[in-house]
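First up is the structure itself, then whatever we jot down about it.
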Amino acid sequence: MTTETRDHAAIDQTVTTRKEMSGLQAIVRTQPFWVLVSILAIGAVMSVVSDVFMTDRNMFNVTRNFAFFGIMALGMTAVIVTAGIDLSVGSLMGLAGIVTGLVMQAGFGVGLGFLACIGMAGLVGLINGVLIAYLRLAPFVVTLGMLAITRSVAMVASNNKMIYEFGPDQELFEWIGGESVIGVPNPVWVLIILTIVFFLAFRYTTWGRWVFAVGGNADAARLAGIPVERVIVSVYVICSMCAGLAAFLLVGWFGSVTNALGLTYELNVIAASVIGGANLMGGVAYALGAPIGAALMELIRNSLLLAGIDALWQQFFVGLFIILAVLLERIRNRSGP
Amino acid sequence: MTLLSLKGVSKNFGAIQALTGIDLEIQPGEAVGLMGDNGAGKSTLVKIIAGNFPQSGGSIEIEGRQVQFHKPIDARHAGIEVVYQDLALCDNLTAAANVFLGREIKRRIGPFSYLDHQAMYDRAGELFVELKSETRPRDYVRQMSGGQRQAVAIARTRLSDPKLVLMDEPTAAISVRQVAEVLDLIKRLKETNHAVILISHRMPDVFEVCDRVAVLRRGRKVADKAIAQSTPEEVTGLITGAIEAA
Ligand SMILES: Nc1ncnc2c1ncn2[C@@H]1O[C@H](COP(=O)(O)OP(=O)(O)OP(=O)(O)O)[C@@H](O)[C@H]1O
Ligand SMILES: [Mg+2]
């Protein structure tokens, strides 16, 4: 009896004071950390072998290019956490971009253009979410259908013409997407702010907790009283809105929009999330992984370009990295406890 | 006053008649063992009481008032907590996150409220100590033993002060020492005037902690008697059908 009491006292202490690992150890075990390490390694090699790589101009371009994918990858990450997928984000960019163009071309200000863009994106996300959550259709199928539908609507709405007149706020619109504040491109600022928002939302809100719970075990989440359907709808709406936001910025940067905007972007966005540690089986992902994954992809693209390798090889490496990321995840899971 | 009273509860899933005319009463501070062969309808009965799905017929009363639960949360508000047979945990979350799932502790700064991780770790740690389980609040459920998972599932029921705790095979797949701890917990629940329904295939468990035993066979209640007036042999016979009814 006495030994038992002592045991419990010991357990008392360890339970309340012992942490399984230190914060640093926990970070080292995550995928985004290792991707970040490889980004630094590739960057170090590139700055030695290429004179152009470290120039302000090149860095400015690299960061801006990856910002658009990073923004979309954040939304995609939320979807992937719930074991879902959204294939419609690329096409949605086309639709949202055209809608923005049409509204502003008609003489409305940039504010209204923005609302129309995000509103349209949110609507598409809502349709995706409701079909998936309430009618229980497979995310893959629903968003594949939406990929075709949104692109088609964008074509019809644009009458297959390019839009390059953005009404009275044209200058402001192009400034938002194309210029910088304190040397940092505006889309990068948006990405930074959004990453912080997602990080805090994942970690410190019940919404974030519930998104992960739904991805881990939707039945258990439901038994715990979590509104599973509403949580699922929310991630698709948010993912679509991120795509809309990226479209808004991208059109401002280009200074024009066609209905082909965002063609095949869904692949790069999903790749960025997965490389950033989002597990396609659901339940595991990192907010910081989205920009880090997007950064790696852009870095590879830029490096190939600077190394004089044909740009046609690009998708080969995107595909390779998706597979490597999934493989890395598998290996880490096996070696871990 | 009678805590829970089922009157003629039945349930069919399409053509499958899972439960037929079940009457069951539970008093505060009482533990009832619910026994029966695989597929007898035990989990189905628990899920009806827990609000997972509605009964097809019959009525449920709690403290004399008729209730109809639409969602698990309704049953929880009525003072019913459940440990599900499959435990219903999220592998990708920590022990503490699972304990508090759906009722997270939050803190407020101005208009913002955020999860109070430390408070949840602390409270979950206390609960695990109470349960005498070596479960660490920060560990992920994925890497836990059967007994630790059990502790997490049981700790969930300790967050509120429920009137009735339903336990669907809480002692399956855990060690002898851990079984003793779960049984201790049930005894403590009884002492504090909580009612417990224990589903178990383990005869000794039921005979150790329960006051009554109810036996289901193919969806019907074939026996309901005080433990003191029964024997493991009789209950075994009732479960298998060797004894028709008692
Ligand atoms: N959701 C469902 N849909 C259809 N049939 C079901 C459902 N849930 C249970 N059943 C059926 O109802 C009957 C009773 O099942 P139940 O799970 O209640 O048995 P049990 O007594 O808990 O068995 P065990 O000891 O194996 O846990 C079985 O025939 C089962 O197949
Ligand atoms: Mg069962």
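Reminder, nothing fancy here: chain letters follow the sequence lines and each chain counts from 1. Worth saying up front: this structure is predicted, and the values here are computed from it rather than measured.
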Heavy-atom pair count under 4.5 Å with chain A, highest-scoring of I73(B), V141(B), L101(B): L101(B)
R76(B) versus chain A, the contacting section by heavy-atom distance below 4.5 Å: side chain
Under 4.5 Å from a heavy atom of chain A, the part of L89(B) involved: backbone
Partner chain B: residue of A213(A), G282(A), G225(A) with the largest heavy-atom pair count (under 4.5 Å): A213(A)
Side chain / backbone / both / neither for R107(B) at chain A, heavy atoms under 4.5 Å: neither
Minimal non-hydrogen separation, G102(B) against I226(A), with atom names: CA-CG1, 4.1 Å
Nearest non-hydrogen partners of F212(A) and N92(B), listed with the distance: O-ND2, 2.9 Å
Over 12 foreign heavy atoms within 6.0 Å of CZ, F140(A): no
Whether over 12 other heavy atoms sit under 6.0 Å from K11(B) NZ: yes
Residues, nucleotides or ligands: over 12 heavy atoms within 6.0 Å of F112(B) CZ: no
Portion of R222(A) that has a non-hydrogen atom of chain B nearer than 4.5 angstrom: backbone
Chain A contact via L115(B) - which portion, at a heavy-atom distance below 4.5 Å: both
Portion of Y84(B) that has a non-hydrogen atom of chain A nearer than 4.5 angstrom: side chain
Smallest separation among heavy atoms of E104(B) and R209(A), with atom names: OE2-CG, 3.5 Å
Region of L223(A) that comes under 4.5 Å of a non-hydrogen atom in chain B: both
L135(A) CG: over 12 foreign heavy atoms closer than 6.0 Å: yes
K190(B) atom NZ, over 12 foreign heavy atoms within 6.0 Å: yes
